[in-house]
Amino acid sequence: MSRFFNATIQENVPVHANHNLLTLSIPEGAPAPLPGQFFMLQVSRGSDPLLKRAFSIFRTTQQGVQLLYRIRGRGTEILRTMKEGAVLEMLGPLGNCYPNPPRDKMPLILAGGIGIASVFPLIEKFAGRSIVFYGARTKDDLLMKDKAEKLSKKLFISTDDGSAGSRGTIAAVLSSFLADPHSPIPDCHIYACGPHPLLRAVSEIAERHGVTAYVSMEEHMACGIGACLGCVVKTRSGYSSVCKEGPVFKSTEIVW
Amino acid sequence: MSRFFNATIQENVPVHANHNLLTLSIPEGAPAPLPGQFFMLQVSRGSDPLLKRAFSIFRTTQQGVQLLYRIRGRGTEILRTMKEGAVLEMLGPLGNCYPNPPRDKMPLILAGGIGIASVFPLIEKFAGRSIVFYGARTKDDLLMKDKAEKLSKKLFISTDDGSAGSRGTIAAVLSSFLADPHSPIPDCHIYACGPHPLLRAVSEIAERHGVTAYVSMEEHMACGIGACLGCVVKTRSGYSSVCKEGPVFKSTEIVW
Amino acid sequence: MDIAVRIGSLELKNPVMTASGTFGYGEEYAEFMDLNKLGAVVVKGLSLTPKEGNPPPRIVETASGMLNAIGLQNIGIERFIQEKIPFLRTYDTKVIVNFFGDSVAEYVAAAERLSCEEGIHGLEMNISCPNKQKGWCIFGTDPRVAAEVVSAVRKATRLPLIVKLSPNVTDIALMARVAVDAGADALSAINTLTGMAIDIRTKRPKLANRTGGLSGPAIKPVALRMIYEIFSAVKVPIIGMGGIMNADDAIEFILAGSSAVAVGTANFINPLAASEILEGITAYMKTEKIDNIAHLTGVAHET
Amino acid sequence: MDIAVRIGSLELKNPVMTASGTFGYGEEYAEFMDLNKLGAVVVKGLSLTPKEGNPPPRIVETASGMLNAIGLQNIGIERFIQEKIPFLRTYDTKVIVNFFGDSVAEYVAAAERLSCEEGIHGLEMNISCPNKQKGWCIFGTDPRVAAEVVSAVRKATRLPLIVKLSPNVTDIALMARVAVDAGADALSAINTLTGMAIDIRTKRPKLANRTGGLSGPAIKPVALRMIYEIFSAVKVPIIGMGGIMNADDAIEFILAGSSAVAVGTANFINPLAASEILEGITAYMKTEKIDNIAHLTGVAHET
Ligand SMILES: Cc1cc2nc3c(=O)[nH]c(=O)nc-3n(C[C@H](O)[C@H](O)[C@H](O)COP(=O)(O)OP(=O)(O)OC[C@H]3O[C@@H](n4cnc5c(N)ncnc54)[C@H](O)[C@@H]3O)c2cc1C
Ligand SMILES: Cc1cc2nc3c(=O)[nH]c(=O)nc-3n(C[C@H](O)[C@H](O)[C@H](O)COP(=O)(O)OP(=O)(O)OC[C@H]3O[C@@H](n4cnc5c(N)ncnc54)[C@H](O)[C@@H]3O)c2cc1C
Ligand SMILES: Cc1cc2nc3c(=O)[nH]c(=O)nc-3n(C[C@H](O)[C@H](O)[C@H](O)COP(=O)(O)O)c2cc1C
Ligand SMILES: Cc1cc2nc3c(=O)[nH]c(=O)nc-3n(C[C@H](O)[C@H](O)[C@H](O)COP(=O)(O)O)c2cc1C
Ligand code: FES
Ligand code: FES
């Protein structure tokens, strides 16, 4: 089965202000996506917008793959208007995935905003075993909070405006958690996805505490398969492509 | 009321292979279109395709204005996929109109292919009084034949392949009609819309018989309001814009 | 909020103008938009005597753009003065006349004639047109020829003189310097990129003229880059254009170095584009707490 | 039906190649498409030593196009030979290596090194890159510099030499003649148009490198016009590219004067683009009853 195929929209429903859950049925035999991998979708038939949009695999259900997306610009606005039955060109699953923690390590999963989409498969995978840190701008931007609560051993919440959980960034919450003498350090691994400054903060915190952290990076993409060299981030071994060598990197690999 | 407004699709139904009938509700107070006038529709929100598409007013009903269109290229292909409730930017009514014949003249109305859309309002206007000549490629490309039959005093049909009416061009039918000693010449006026070569032929025939003919021309358009000078045809007084000085010209005005 | 801009000795009440050839002689759009809202109306390019223009087809749609080969059809300066100026004078907006010639002498004669009429506030010289004296060369692509024609026109008029640059050159900054050294009070950029389209059924160019000028969103990145380069090269105000469809686009041009912007192909898509763009610019200034539009010009150059 | 084309001494089994920098080193697309179907694989531009490239962001989407400022990141010729050639040699397709240098000496050294390896069938010289010796100048925009570097490389290799022209020039026909006179066996055109985009929130250029190269459907009209002009100016085969998304586009390029075509940005949109374009070309030839692709090249010039 080729990783380039037509997917059919099963459902495309708002889950929150400005966020939709998209369910796509994909051809049989398509490779199953791993946590941290992503797909690219062609949202137009014409040449404007031209490039595919990248979305992390959020869940795999019997109906197909689910993507959770934030309406951000023109491409996602077009996607929002698409209805059941519409057919989209799709590329994926792409990229590497979040590595498994060694048996004895506890997964700490951190998400900022729509970053929840990327780490959600981990939350499901480590059901009942992981501690989840989830930050968003406001209460209304917290998606899938109840699901995350059910699936995690413990869920920490923060919002920029304090409308839910503690006020401030979720990195600060992680930091206090790790600073707590009862923390399971160094017996944990961090998995994080969110805006660049948040990931940088997480990386610093992890380093300070001697904890291994994996971060999922974002960059503008054209090909999605490592051919154009457009989506690079600076790493200790030079520029690496987010689409192929990433999106998940060890935080110490990144030159922040 | 501005001639630039949002129109809402009421219905967009196939009437034949590759031809749709589009009904649009337009804002109250919009000027009523005259036979021969046209509208321009923006079929995309993005910048590709960029330009508006021109369509003749086919009918005005209680529901709104109706356009009859042939799926031809990318723009009409997009239009075909649009559903009830979709909102389109629209400009019009644009251009001049078919002039009324003097009281004592009989209207001869000629259409080639989708040209039927443009002359249909005349067929309705002169219900029972006009002779209609309607040519198409094949039987399957004859739209609204029954309606035209009902509304005309007499309907002549031709198809390129002879699958309905006489075989050959409808210009040939007009020519024999006018050559017939019982023809109402010179007491008739011709109104024609169709492909350029057909209109040229009609023009020659009319001239030969000393009959006045009006032809509705087509050119690629950008502005639709006479500003860009993109849509000109050569006339005896220089290049004239089809969108503003036309689309209807006296056939003798055109430099063929 | 101060949104007035100066183009040489000319003060516009706001930075939004129309691009020549896309707004007719102004009256075509008066039905849709209050022309009083515009900083300036730039009319279709005029020549001393009327020009018939190119045979059709003159227009081809391309991806996010269009090619035009109008061939500079216009009613000539005399008819413009007789028939169009009286209408334009009823509006409280500046009138800038775009003009061109086949030869240096024609440019000069046109500029002289236009300079002695009331109701014309500035001249925009289109130098992207073929030079009949020198065969195939285009005035605007050869620095020496451009210098010659701009200097000659400079001597022929006291009106603010805007030189409109052709983008079909290796070094737009050089052309900008040449025009300014020859006396331009301001520059406008960019004119259309030369392009072509071929009909694969007839196997012939789609335009009767074979080539045409590419405009619209497709060319915006090239236009912005050129504005950015021109801004670094000269001190005079720049009127930026090339694919501006909305206020965000216009703001990009201002940040790149434009003092004013011109709306071209966008008029065809949305006859209210120019006035909506003005509204969008002032809304942006409010959000960004910028009280003088001049403070935005060229900001993208700061590091 | 004869669809083989000759590029100098090189015979391609069909006219469809990939555009450098848009197809990696070939292997990235092998999963999607049978590389045996291609007339040639043109690999990412290589330099003597590896290049790190520009900092991100390197890519911006524009209307029907994209800007890239990869900065010629590549693994260097040695690693290419070690790691990529063995894979490419398993395919029955021609391998054309795109290369560049910072100086004439580097160009020559690169060409020499590439010429002594099995499995490389042709060289494509990218002259749209900055000339470190001469500061800001670009090899491909100054005719004298272009002549110098092409002549030097011509002496350094016996492989078919394709010179890839920059479109950012006033007179592409002149640059074509210069390249051919200096020894090019074929020309490819066009490389990207230099462009820019600005973020109106940060008020800074969106690309870290400020400017980038515009590719995709937006530039097709400009590319076609340039192919048309080059075809009139020189006799050598032209490899046409710039916004080719489908077979119809490719056929336009052939009618304008291309002997072969290269598929660039389209690979990102549809990883099967190149093979679908080949199928479309042969379907067109069938419909149009053309039995030799050479009979299509330049037909749009006939009147
Ligand atoms: C590996 C990866 C996984 C992602 N997963 C998700 C997800 O699960 N849910 C979700 O809502 N979003 C996700 N994103 C971000 C998503 O790709 C962008 O929000 C989307 O491309 C915006 O498109 P637009 O047309 O609406 O915005 P516009 O701003 O109009 O887009 C313009 C261009 O910029 C690119 N772009 C804009 N924002 C981003 C961004 N943050 N990252 C990469 N390219 C961008 C677009 O792809 C497009 O090429 C992911 C991005 C990456 C790289
Ligand atoms: C005054 C007028 C009235 C018209 N009335 C009708 C009508 O009632 N019903 C109908 O089906 N068609 C009508 N047409 C033709 C219709 O405008 C075209 O079929 C349509 O624009 C094709 O668009 P496309 O995107 O599908 O084709 P494409 O070929 O993809 O279009 C590419 C470009 O060419 C232009 N174009 C293509 N064909 C024509 C054409 N024949 N005339 C003008 N521009 C063209 C398009 O507008 C677009 O800018 C009319 C044209 C004019 C000028
Ligand atoms: C149909 C058309 C006609 C034009 N005529 C002229 C003209 O007469 N003189 C001139 O200097 N520029 C002319 N231009 C160029 C525009 O003024 C403008 O520079 C160019 O279109 C780029 O802007 P845009 O992309 O916003 O349209 C014309 C452009 C178009 C599309
Ligand atoms: C991401 C990217 C990288 C490119 N890298 C190179 C390169 O290394 N060498 C080169 O000569 N051209 C390079 N090009 C230019 C293309 O080969 C091609 O000339 C150009 O993109 C126009 O074709 P297109 O519009 O079909 O993409 C690159 C283009 C893109 C989009
Ligand atoms: S998007 Fe092309 S290398 Fe990552
Ligand atoms: S379409 Fe612009 S003048 Fe007719």
Side-chain angles (χ1 to χ4, degrees), chain B residues 1-6 31 40-54 72-76 78 88-94 196 217-247 254-256, chain C residues 18-33 43-45 50-75 197 206-208 212 215-220 243 245-246 249 264-273:
Chain B
M1 246 302 294
S2 170
R3 288 197 292 168
F4 179 60
F5 53 82
N6 282 323
M40 289 183 82
L41 296 185
Q42 194 74 32
V43 298
S44 71
R45 291 263 152 196
S47 65
D48 183 55
L50 182 67
L51 301 175
K52 295 188 164 52
R53 269 55 182 162
R72 184 193 159 95
R74 220 146 53 83
T76 44
I78 292 173
L88 292 173
E89 283 178 351
M90 195 160 165
L91 194 62
L94 303 170
H196 193 93
M217 306 292 286
E218 275 187 11
E219 256 307 329
H220 287 211
M221 292 184 175
C223 71
I225 59 169
C228 74
L229 305 178
C231 66
V232 300
V233 288
K234 184 137 195 161
T235 67
R236 301 213 177 275
S237 47
Y239 287 118
S240 298
S241 64
V242 169
C243 69
K244 197 173 174 189
E245 299 166 83
I254 303 289
V255 180
W256 290 98
Chain C
T18 57
S20 176
T22 66
F23 207 68
Y25 299 110
E27 55 194 11
E28 291 83 350
Y29 282 92
E31 163 192 354
F32 299 99
M33 187 201 311
V43 299
K44 173 71 190 162
K51 284 258 175 314
E52 198 183 24
N54 290 327
R58 290 179 172 185
I59 278 186
V60 179
E61 189 184 55
T62 67
S64 295
M66 61 178 276
L67 288 166
N68 87 79
I70 309 300
L72 297 167
Q73 175 178 344
N74 76 91
I75 57 174
K206 285 186 178 169
L207 293 169
S215 66
I219 70 170
K220 195 184 85 170
M245 300 304 278
N246 54 42
D249 294 339
T265 302
N267 297 307
F268 308 154
I269 314 309
N270 172 7
L272 301 172

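Most heavy-atom pairs under 4.5 Å with chain C: of the set B:Gly238, B:Gly230, B:Pro49, B:Cys223, this distinction falls to B:Gly230. Per-residue counts of heavy-atom pairs under 4.5 Å with chain C were compared for B:Cys228, B:Ser44, B:Cys231; the largest is that of B:Cys228. Of all the listed residues (C:Gly243, C:Gly24, C:Pro56, C:Gly216), the one sharing the greatest number of non-hydrogen pairs under 4.5 Å with chain B is C:Pro56. By number of non-hydrogen pairs under 4.5 angstrom with chain C, the leading residue of B:Asp48, B:Val233, B:Leu229 is B:Leu229.
B:Met221 places none of its side-chain heavy atoms less than 4.5 Å from the side chain of C:Ile59.
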Test side-chain contact (heavy atoms from CB on, under 4.5 Å) on C:Val60 and B:His220; report intermediate values, then the result.
CA-CA 7 Å; C:Val60 179; B:His220 287 211; 5.6 Å; no
Taking it one step at a time, do C:Leu272 and B:Ser2 satisfy side-chain contact (heavy atoms from CB on, under 4.5 Å)?
CA-CA 11 Å; C:Leu272 301 172; B:Ser2 170; over 6 Å; no
Could you go step by step and tell me if C:Asn270 and B:Phe4 meet the side-chain contact (heavy atoms from CB on, under 4.5 Å) rule?
CA-CA 8 Å; C:Asn270 172 7; B:Phe4 179 60; 3.2 Å; yes
Determine whether B:Leu50 and C:Phe268 satisfy the following criterion, side-chain contact (heavy atoms from CB on, under 4.5 Å), listing intermediate values before the conclusion.
CA-CA 9 Å; B:Leu50 182 67; C:Phe268 308 154; over 6 Å; no
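Between atom CD1 of residue B:Ile225 and atom CD of residue C:Glu27 there is a gap of 10.5 Å, rounded to the nearest 0.5 Å.
Contacts between C:Thr62 and chain B at a heavy-atom distance below 4.5 Å involve the backbone alone (N, CA, C, O). Contacts between B:Arg74 and chain C at a heavy-atom distance below 4.5 Å are absent for every atom of the residue. Using a 4.5 Å cut-off between heavy atoms, C:Glu31 contacts chain B through its side chain alone, with no backbone atom that close. Using a 4.5 Å cut-off between heavy atoms, C:Asn74 does not touch chain B at all. Neither the backbone nor the side chain of C:Pro50 comes within contact range of chain B; no heavy atoms are under 4.5 Å apart. Heavy-atom distances place both the backbone and the side chain of C:Pro57 under 4.5 Å from chain B.
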Less than 3.5 Å apart, which donor and acceptor atoms pair up between the side chains of residues 63-70 of chain C and the rest of the protein, not counting sequence neighbours?
{"unit_1": "C:Ser64", "atom_1": "OG", "unit_2": "B:Ser47", "atom_2": "O", "d": "3.4"}
{"unit_1": "C:Ser64", "atom_1": "OG", "unit_2": "B:Ser47", "atom_2": "OG", "d": "2.7"}
{"unit_1": "C:Ser64", "atom_1": "OG", "unit_2": "D:Ser64", "atom_2": "OG", "d": "2.5"}
{"unit_1": "C:Asn68", "atom_1": "OD1", "unit_2": "C:Ile70", "atom_2": "N", "d": "3.4"}

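One finds a salt bridge joining C:Glu52 and B:Lys234 here, because a Lys/Arg side-chain nitrogen approaches an Asp/Glu carboxylate oxygen to under 4.0 Å. Taking 4.0 Å as the cut-off between side-chain N and carboxylate O, B:Arg53 and C:Glu61 count as a salt-bridged pair.
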